[in-house]
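For reference, the structure is listed below as structure tokens.
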Amino acid sequence: MKKQEKFISAWESAGLPVIVLERAADGFAPVYQNSAADALCEEPGRSLTDHIPEEIRTRLLGGGPCPVEDELPFLFLIRSGAYSLVPFRWEEYRVCMLHEVTGYYNENRRILNEAVMASEAKTSFLSEMSHDIRTPMGAIIGMTDIALMQEDIPARVKECLNKIKTASGHMMSLLNEVLDMSRIESGRILLQEEDVDLADLLHEVLTVIRPQADAGKLHFSLKLGEMAEERLRGDSVRLKQICINLLSNAVKFTPAGGDVEMSLETVPAGEPDRVLLKLKVQDNGIGMSEEFLQRIFVAFEREEKSTTSKIQGTGLGMAITKNLVELMGGTISVKSRLHEGSCFYVEIPFTASTDMEESHRCALSGRRVLLFDDREDQAEQIRGMLGRLGVSVDAAASTDAAVDLINEMAFSDERYFAMLTVEKVKNAEMLLFLPQVRQRMGADFPILLLSDNDWTQMEYVYTRAGVDAFIPLPLFRTRLSAGLYAFTDEAKQELGESGGKRWNFHGKRILLAEDNEINREIALELLGMANLQIETVENGREAVDRFAETSPDYYDMILMDIQMPVMNGLEATRTIRALDCADAKDIPIVAMTANAFVEDVRNSLEAGMNAHLAKPLDMNQVYSTLDYFLGRGGR
């Protein structure tokens, strides 16, 4: 009785709901609650602890230390109100005091709901804007491609067309940055896992960056470290975006005459089939202040100073890069000093892809090649790469040594499978020596050139000197094996089976569903160049009706836009797949649309489509897709 009087004296007039807990054998148990706490109970005589969520109640009644020492106040709902519960010690008891925060809770909930609605509205708007902008941009790029394909274009007109294409590409990159940032903020960006060939990816990155560096009169260099794996499983588009964002940033903020260096390596990550990709981008440009360095990864942030005022950009590149790296499970950091330059470090874990070199290894194993290279370190690297493929290497560092090796093979009644040569060897006149090798070894002897220069600038001279193929430096094992494999009987047989006429689809008929007149005109022009017969409709309903009224196998493929009036492309595809027609389940249906996000691709495939092509169209990708379904990979 005295205990209850003590509780009443201390807590009855507190003005807030209070529960007193007393230590019991297995924790704490309620021994008192004041009238304010009674009023919250749904039934008289019940403890207010019965209305507290189970997870919180377990913490309060447990025998551990008082949660006030390491927990924030608990927030939960009782009946129609929101309450904050603060537990604390009072003598040997645990006291739980409740504060009503309904008004605060409702106001924050309203703010949160408005923020969510605003975010959804912004994302929806930007998604629609993406489609609406991509559609006319597709027309601009498509018409430009058609114009560039015409013969006898005046030089000035061709120059203008190329500038239009470049400006259009820049416009698309700015649009994509804004859209990417919006989707990252809303948590809607998804990664598309696929096989990533680092050699191909790096080539695409350098194709973009090297012209930028040359235009800025910069010295660009690439260093490859250990390459434990060259083929990975991941999102190649996003990984390329990370590389290009970092390199473009370095090029933009490095004055003429400066240096930009990219370093790349993959090292074992300590688990089977797991590797860590390490990327470093370093420059000696204008650098960043300590203050801005803290905000470099914040969206729309740009350091304002006289040296950057004329540099274009959205201020989103680094924010997008950081979010993409973290989405892939990696880390990014930066070091910089004003007027001295910056260095970005990226580490991303990947799973190694299935080894695709087995067919190359089987075809190349046991063969011997001649390597003409006076750089010992590079020669040793090539020897190691080819050794993994079962290929023996004889290296020569001079023309005399190369001739001696060729003679020795001839005396042994043997023959080299191919010759690998670098562009420059000390004291060697390459354009005189290579024709001599060609004359000695015969017209069918493969000579492959290794160089880090642009092949298009060298091709005319070196092909006339006897070179058959080009392998770009820095050297990847996959590129080296593919280059040599191309001259094997197995590769020639595969090429013969492929038919040779790569983009000739004579006799094939497709149905094109496209509501935009300009897009139809572009598609008819570009697809017509591949000798396709094309019939068009303007919406999904017409596509369904046209397909249903034709005989089986009349069409070889359907190209389907997504956003169309009357019936959209997804619904049209589902309807066609459900038709009682002999070929309804099998006819290839390919999306050709301005809806370009990963979830758009997923929606297309789930609707029953076989592939997804995004606008503006990459015609090589379009023709490759057509070749797969209409050519050797077709149904």
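As a basis for the values below, the full set of heavy atoms in this structure was taken, side chains included, without hydrogen atoms, waters or symmetry mates.
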| said: Quick one: does any side-chain atom of T266 pair with a main-chain N or O of E229 as donor and acceptor, under 3.5 Å? | reply: yes
| E429 side-chain N/O to L431 backbone N/O, donor-acceptor pair under 3.5 Å | no
| Hey, does V334 have a side-chain heavy atom less than 4.5 Å from the side chain of M318? | no
| Side-chain (N249) to main-chain (N245) donor-acceptor, under 3.5 angstrom | no
| query | Looking at CG of N610 and NE2 of H612, how far apart are the two atoms once the value is rounded to the nearest 0.5 Å? | reply | 13.5 Å
| field | Approximate separation, where rounding is to 0.5 Å, of N519 CG and M143 CE | value | 9.0 Å
| said: Quick check on E194: does its CD atom have over 12 non-hydrogen neighbours (other residues, nucleotides or ligands) under 6.0 Å away? | reply: yes
| note | Per side chain to side chain donor-acceptor pair (under 3.5 Å), R233 is matched among T351, D273, D195 by D195
| field | Spatial distance of atom CG (D377) from atom CD1 (I382) [nearest 0.5 Å] | value | 9.5 Å
| request: Evaluate the side-chain proximity of M458 to V467: yes if any heavy-atom separation is below 4.5 Å, no if none is. | output: no
| message | Under the criterion side chain to side chain contact (heavy atoms under 4.5 Å, CB included), I'd like the reasoning laid out for L420 against L386: C-alpha separation, chi angles, the key distance, then a yes or no. | response | CA-CA 11 Å; L420 299 172; L386 291 179; 4.0 Å; yes
| field | Note, E459 side chain near F470 side chain (heavy atom, < 4.5 Å) | value | no
| request: State whether the side chain of S336 and the backbone N or O of M288 hold a donor-acceptor pair below 3.5 Å, judged by distance alone. | output: yes
| query | Does some side-chain heavy atom of L526 sit less than 4.5 Å from a side-chain heavy atom of V622? | reply | no
| Shortest non-hydrogen contact from K322 toward E326 | NZ-OE2, 2.5 Å
| field | Side-chain touch K278/K280, heavy atoms, less than 4.5 angstrom | value | no
| task | Check the pair R477 / M227 against side chain to side chain contact (heavy atoms under 4.5 Å, CB included), numbers first and verdict last. | result | CA-CA 9 Å; R477 187 178 67 254; M227 299 302 295; 5.9 Å; no
| field | Minimum heavy-atom distance I209-V251, with the two atoms named | value | CG2-CG2, 4.3 Å
| message | With a 4.5 Å cut-off on side-chain heavy atoms, are E226 and P268 touching? | response | yes
| To the nearest 0.5 Å, what is the distance between CZ (F476) and CE (M385)? | 8.0 Å
| Do L512 and M592 pass the side chain to side chain contact (heavy atoms under 4.5 Å, CB included) test, and can you show the C-alpha distance, the side-chain angles, and the key distance before you say yes or no? | CA-CA 9 Å; L512 171 65; M592 199 162 71; 3.6 Å; yes
| field | Donor-acceptor contact below 3.5 Å, side chain R388 vs main chain G384 | value | no
| message | Let me confirm one number: the CE-CG distance from M328 to N323, rounded to the nearest 0.5 Å. | response | 12.0 Å
| Heavy-atom donor-acceptor pair, T254 side chain to N284 backbone, under 3.5 Å | no
| Any idea which heavy atoms bring P255 and L218 closest together, and the distance? | O-CD2, 2.9 Å
| request: Quick one: closest heavy-atom pair of A250 and V260, and the distance? | output: CB-CG1, 3.9 Å
| salt_bridge(R383, E380) N-O dist < 4.0 Å | yes
| query | Can you tell me how far CD1 of I348 sits from CZ of R238, rounded to the nearest 0.5 angstrom? | reply | 12.5 Å
| request: Answer whether the closest heavy-atom distance between the side chains of L279 and S263 falls below 4.5 Å. | output: no
| said: Whether the side chain of R274 engages the backbone of A269 through a donor-acceptor N/O pair (distance < 3.5 Å, no angle test) should be reported. | reply: no
| D468 side chain vs L448 backbone, donor-acceptor pair below 3.5 Å | no
| message | Minimum heavy-atom separation for L605 and A611, please, with both atom names. | response | CD2-N, 4.1 Å
| said: Does atom CD1 (I518) have a neighbourhood of more than 12 heavy atoms from anything else shown, all under 6.0 Å? | reply: no
| query | Would the number of heavy atoms belonging to other residues, nucleotides or ligands and lying under 6.0 Å from CD of E291 be above 12? | reply | no
| remark: Between S481 and L389 the two heavy atoms that sit nearest each other are CB-CD1, 3.3 Å
| request: Report the C-alpha separation of L527 and L559 in whole Å, then their side-chain angles, then the decisive distance to 0.1 Å, and conclude whether the side chain to side chain contact (heavy atoms under 4.5 Å, CB included) test is met. | output: CA-CA 11 Å; L527 296 175; L559 294 177; 3.6 Å; yes
| Side chains of L198 and L239: closer than 4.5 Å at any heavy-atom pair? | yes
